[in-house]
Amino acid sequence: MSTGGKGGAAKGGGGGKKKEVKKETKLGMAYKKDDNFGEWYSEVVVNSEMIEYYDISGCYILRPWAMEIWELLKEFFDAEIKKLKLKPYYFPLFVTENVLQKEKDHIEGFAPEVAWVTKSGKSDLEAPIAIRPTSETVMYPYFSKWIRSHRDLPLRCNQWCNVVRWEFSNPTPFIRSREFLWQEGHTAFATKEEADEEVLQILELYRRIYEEFLAVPVSKGRKSEMEKFAGGLYTTSVEAFIPNTGRGIQGATSHCLGQNFAKMFDITFENEKGAREMVWQNSWAYTTRSIGVMVMTHGDDKGLVLPPKVAPIQVIVIPVPYKDADTTAIKEACESTVSTLNQSGIRADLDTRENYSPGWKYSHWEMKGVPLRIEIGPKDLANKQVRIVRRDNGSKVDIPVTNLFEEVKGLLDGIQENLLKTAKEKRDACIEVIKTWDDFTAALNNKRLILAPWCDEEEVEKDVKARTKGDLGAAKTLCTPFDQPELPEGTLCFASGKPAKKWSFWGRSY
């Protein structure tokens with residue numbers, strides 16, 4: 001299953017096998033993004049100090065540079081879902097086999113990925129215990145206990161936790177890992193209308209995480225029956241696209257589970273007329289995969305490029321003392337600059353390390369993707385100015401100290417806007433509208449995000465997968481976008497020749 005949300009089986013590489021443990025950050029990148037994307041990506045996440053490789057394949061240490069980004073995203077999302085009256089919960093990591101097996105379709109969807117605990121010390125357990133791959137079966141026996149009447153609805157809970165999904169062939173930091181962090185929301189309603197409304201409210205929050213915070217353009221849409229969450233009624237998702245690899249990537253998912261789990265776990269309530277009804281349920285999640293999508297989208301040959309809204313440090317201040325310069329005055333000017341920015345709510349820091357040259361520091365902070373660098377030397381001191389360098393495009397500007405906050409704030413806003421605009425232009429340039437099978441295969445080989453008319457039949461999707469299977473992985477539906485172009489009458493499905501019912505995005509995926 002992908003780690004982009006709750007479900008959606010996905011194969012495909014782009015990240016390479018486990019790398020040797022790197023002992024220290026070395027300056028400069030050995031690989032270029034356009035030449036060897038997989039090696040480049042692995043190098044960026046290590047050299048920028050986001051992750052460290054661990055001695056269990058597919059598991060990674062998340063260092064502060066990654067965790068602080070996750071915390072900034074969490075801060076936004078948690079506040080938004082609390083407005084929707086979501087309550088925080090924490091459910092155990094373990095689930096018994098008989099409970100996990102209860103919902104057949106659901107567990108079949110996760111079966112290859114479930115990790116089992118079979119021993120305690122040297123003794124075998126009476127029955128194996130599973131580590132949660134997701135928490136539907138962990139939570140829902142208790143929903144059944146807590147929900148009795150229509151007055152107990154809606155029940156809306158969320159937990160921030162880790163999950164373990166063991167099976168896959170190509171571990172990639174953030175994108176495909178055996179353990180990852182996420183939030184998972186689980187809700188129960190009296191009516192389908194309420195459940196449907198929430199599915200889209202949450203999906204919009206996921207769009208905002210990607211576009212407003214991570215500056216990554218996404219498409220909102222519905223998954224095919226084949227790609228939906230195992231055991232659910234329907235799945236919606238936000239889908240990103242990585243132009244360098246020509247692969248789609250599921251960013252997050254919001255599912256309407258319908259009444260399937262209510263039936264299995266006997267989650268019923270007494271309505272206002274005294275009759276018993278089954279609840280309607282949703283579940284939804286986004287994960288630390290979002291950080292990897294951001295790295296892939298914005299990173300360049302110097303390393304990471306961070307959108308200001310999620311940069312742990314938005315501005316790094318570096319003293320540039322030339323020979324015979326007044327180092328004390330320069331240091332004080334740097335400290336004053338950091339203080340001014342911090343007091344205005346900008347995350348600024350000062351690099352005072354004396355064992356590194358200014359040039360080394362420039363490269364170091366560029367590698368880490370800090371949006372703005374401020375340099376202060378003797379000339380700047382004399383002119384009561386600072387030099388500001390942008391990470392996204394390398395442009396330099398000298399600004400007076402008196403206008404510091406306004407200028408910096410304007411530049412940060414500009415970088416955030418520019419990163420999304422650039423990423424959207426690159427993504428849109430990869431979208432190809434096709435109508436025939438030959439055009440489809442040509443577009444697929446050209447690393448395109450394909451928009452194609454489709455008859456919406458599962459057998460046809462299976463056939464497309466079978467016919468495109470190869471070393472790079474098979475093509476599949478990514479989503480049917482909510483934003484549907486006009487479908488002229490008589491349009492035929494690109495794969496079957498039957499009447500088309502909708503436009504869907506197709507391609508290879510992570």
Stepwise side chain to side chain contact (heavy atoms under 4.5 Å, CB included) test for Ser42 and Tyr31: CA-CA 10 Å; Ser42 297; Tyr31 295 95; over 6 Å; no
Step-by-step side chain to side chain contact (heavy atoms under 4.5 Å, CB included) determination, Asp349 to Val317: CA-CA 6 Å; Asp349 206 354; Val317 179; over 6 Å; no
Side chain to side chain contact (heavy atoms under 4.5 Å, CB included) between Leu472 and Arg247, intermediate numbers included: CA-CA 10 Å; Leu472 294 172; Arg247 289 183 186 274; 4.1 Å; yes
Verdict with reasoning, Ser339 to Gln343, per side chain to side chain donor-acceptor pair (under 3.5 Å): CA-CA 6 Å; Ser339 175; Gln343 283 169 19; 3.1 Å; yes
Verdict with supporting geometry, Glu71 and Lys74, salt bridge (Lys or Arg N to Asp or Glu O under 4.0 Å): CA-CA 5 Å; Glu71 284 174 359; Lys74 180 179 177 180; over 6 Å; no
Working for side chain to side chain donor-acceptor pair (under 3.5 Å), residues Ser504 and Thr480: CA-CA 4 Å; Ser504 285; Thr480 293; 2.6 Å; yes
Pair Glu184-Ser135, side chain to side chain donor-acceptor pair (under 3.5 Å): steps then yes or no: CA-CA 8 Å; Glu184 52 176 324; Ser135 297; 2.6 Å; yes
Gln250/Ser509 under side chain to side chain donor-acceptor pair (under 3.5 Å): CA gap, chis, key distance, verdict: CA-CA 8 Å; Gln250 181 176 286; Ser509 78; over 6 Å; no
Ile51/Phe174 under side chain to side chain contact (heavy atoms under 4.5 Å, CB included): CA gap, chis, key distance, verdict: CA-CA 9 Å; Ile51 67 122; Phe174 299 116; 3.4 Å; yes
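How far CG of Leu404 is from NZ of Lys409: 13.5 Å, rounded to the nearest 0.5 Å. Rounded to the nearest 0.5 Å, atoms CG (Asn47) and CE (Met367) are 4.5 Å apart. Interatomic distance, CD1 of Ile175 versus CG of Asn170, reported as 11.5 Å (0.5 Å rounding). Summarising the geometry, atom CD1 belonging to Ile249 is positioned 10.0 Å from atom OG belonging to Ser290; distances are rounded to the nearest 0.5 Å. Remark: Tyr89 OH to His186 NE2 distance equals 12.0 Å, nearest 0.5 Å. The structure places CD1 of Ile318 at 13.5 Å from CD1 of Ile330, a figure rounded to the nearest 0.5 Å.
In this structure, Thr422 contributes its side chain and Asn418 its backbone to a donor-acceptor pair below 3.5 Å. In this structure, Arg391 contributes its side chain and Leu304 its backbone to a donor-acceptor pair below 3.5 Å. Between the side chain of Asn393 and the backbone N or O of Ser395 there is at least one donor-acceptor pair closer than 3.5 Å. With hydrogens and angles ignored, the 3.5 Å screen pairs no side-chain donor or acceptor of Ser344 with any backbone N or O of Ile346. With hydrogens and angles ignored, the 3.5 Å screen pairs no side-chain donor or acceptor of Tyr53 with any backbone N or O of Val46. No donor-acceptor pair under 3.5 Å is formed between the side chain of Arg132 and the backbone N or O of Val95. In this structure a side-chain-to-backbone donor-acceptor pair under 3.5 Å is present from Thr468 to Ala475. Lys33 places a side-chain N or O within 3.5 Å of a backbone atom of Gly299 that can act as its donor or acceptor partner. Using a distance-only test at 3.5 Å, with no hydrogens or angles considered, a donor-acceptor pair links the side chain of Thr287 to the main chain of Arg289. Proximity of a side-chain donor or acceptor of Thr236 to a complementary backbone N or O of Gly221 within less than 3.5 Å is not detected.
Residues Glu375 and Lys396 are not paired through a salt bridge, judged by the lack of any N-O separation under 4.0 Å between the basic side chain and the carboxylate. Lys223 has a carboxylate O that lies under 4.0 Å from a charged side-chain N of Glu239, or vice versa, which qualifies the two as a salt bridge. Salt bridge absent: Lys421 and Glu417 never bring a charged side-chain N and a carboxylate O closer than 4.0 Å. Salt-bridge annotation for Lys424 and Asp428: present, with a side-chain N of the basic residue lying under 4.0 Å from a carboxylate O of the acidic one. Ion pair Asp326/Lys331 not flagged as a salt bridge, since none of the NZ, NE, NH1 or NH2 atoms sits closer than 4.0 Å to an Asp/Glu carboxylate oxygen. Between Arg387 and Asp398 there is a salt bridge, since at least one side-chain N of the basic residue sits less than 4.0 Å from a carboxylate O of the acidic one. The pair Arg373-Glu366 counts as a salt bridge, with a side-chain nitrogen and a carboxylate oxygen less than 4.0 angstrom apart. The residues Asp300 and Lys302 are annotated as not salt-bridged, no charged nitrogen and carboxylate oxygen being separated by less than 4.0 angstrom. A salt bridge links Glu212 with Arg207; the closest basic N to acidic carboxylate O contact falls under 4.0 Å. Remark: Asp34 does not engage Lys32 in a salt bridge, criterion side-chain N to carboxylate O under 4.0 Å.
Within a 6.0 Å sphere centred on OH of Tyr322, heavy atoms belonging to other residues, nucleotides or ligands number 12 at most. With a 6.0 Å radius and a threshold of 12 heavy atoms from other residues, nucleotides or ligands, Glu425 has its CD atom above the threshold. Around atom CG of Asp471, no more than 12 heavy atoms belonging to other residues, nucleotides or ligands sit under 6.0 Å away. At most 12 non-hydrogen atoms from other residues, nucleotides or ligands lie less than 6.0 angstrom from CG of Asp483.
Annotation: side chain of Ile316 is not in contact with side chain of Leu372 (no heavy-atom distance under 4.5 Å). Annotation: side chain of Pro319 is not in contact with side chain of Thr327 (no heavy-atom distance under 4.5 Å). Val310 is listed as a side-chain neighbour of Leu73, based on a closest heavy-atom distance under 4.5 Å. Taking 4.5 Å as the limit, some side-chain heavy atom of Trp284 sits within range of a side-chain heavy atom of Thr187.
If you look at Phe77 and Tyr286, their ring centroids are closer than 6.0 Å.
Using a 30° and 60° split on the angle between ring planes, Phe180 and Trp182 fall in the perpendicular class, above 60°.
Taking both residues in full, the closest heavy atoms of Tyr41 and Gly292 are given as OH-CA, 3.4 Å, listed atom of the first, atom of the second, then distance. Between Arg63 and Glu49, the closest heavy-atom pair is CB-O, 3.3 Å. Between Ile415 and Pro371, the shortest heavy-atom contact is CD1-O, 3.6 Å. Between Leu420 and Glu211 the shortest heavy-atom distance is CD2-O, 3.7 Å. Between Tyr210 and Gly251, the shortest heavy-atom contact is OH-O, 2.8 Å. Looking at every heavy atom in both residues, Leu306 comes nearest to Lys368 through CD1-O, 3.5 Å.
Judged by the 6.0 Å distance and 45° axis criteria, Arg222 is positioned over the aromatic ring of Tyr234. Geometrically, Lys309 engages Phe213 in a cation-pi contact defined by less than 6.0 Å to the ring centre and at most 45° from the axis.
Among Glu198, Arg156, Gln201, the single residue meeting the side-chain hydrogen bond (donor to acceptor under 3.5 Å, both in side chains) criterion with Asn282 is Glu198.
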